[in-house]
Amino acid sequence: AAKAATVTIGEAVKLTVSGSTTTPATGASVNLTITAKDVNNATVTTYTGSHNLVFSGASSSPGGNAPTVSNSSGSAIAFGAATALNFSSGVASVSGNNNGVLRVYKAGAANVVATETSVTTPAPLALTASPAATRFVITAASATPAAGAADDLTITAQDAYGNVATGYAGAKNLVFSGANPSAGGN
């Protein structure tokens, strides 16, 4: 004979955070899925509607770009500020560019945590963001070299957010411009 069982889902005590990738390029989108769980790790299906989460665990880029997560209406909200996300049956997931699109701008490791009052993420989403070279920063050894004198240049490849593009290595052919010839044609 069949027996009936009653399953009781408790209140939300933690949030799990997963992402569409754990190795994004700096500034690229990572679609987050955030799930409310009870003490037995069951999804709390009654955790619905709008919830204000505060994200942490990633830093601003050298250029000052703060990590963000899009709220339910698609606005990018900086880490540390309340981000309103919509939950359905205990899960918040991305819809278009809304409701949980993460952007990290500092290259390197980040451990993303979501918190709502006492409900937090015990196991952060571990990311490693990689920069892609989009510009060069040139530093001369002398700020005012003498005309015709040699000067040692340091050329650093960076991404759009000021991170050193460590993957841009090896021999490269660079074209310099901007200097004018002297009156003598040199």
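Model, not experiment: these values are computed from the prediction.
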Query raised in the report: Considering the options Thr33, Val101, Leu102, which one meets the side-chain contact (heavy atoms from CB on, under 4.5 Å) requirement together with Val94?
Result: Val101
Okay, side chain of [X], backbone of [Y]: is any donor-acceptor separation there less than 3.5 Å?
X	Y	result
Asp151	Ala140	no
Ser61	Gly162	no
Asp38	Asn40	yes
Thr121	Ala114	yes
Asp159	Ala165	no
Asn163	Pro62	no
Ser130	Ala25	no
Ser20	Asn31	yes

Query raised in the report: So does Asn111 have more than 12 non-hydrogen atoms from other groups sitting under 6.0 Å from CG?
Result: yes
Closest contact, heavy atoms only, [X] versus [Y]:
X	Y	answer
Leu85	Gly100	CD2-N, 3.7 Å
Phe87	Ile34	CE2-O, 3.5 Å
Asn99	Ser93	ND2-O, 3.1 Å

Report summary line: residues 134-150 vs side-chain hydrogen bond (donor to acceptor under 3.5 Å, both in side chains), sequence neighbours excluded, gives Arg135-Gln158
**Report entry** Pair Phe136 + Tyr168: ring centers closer than 6.0 Å
**Finding:** yes
Query raised in the report: Do you see a donor-acceptor pair shorter than 3.5 Å between the side chains of Asn65 and Lys106?
Result: no
Query - Derivation and outcome, side-chain hydrogen bond (donor to acceptor under 3.5 Å, both in side chains), residues Thr45 and Ser89 - result: CA-CA 4 Å; Thr45 57; Ser89 299; over 6 Å; no
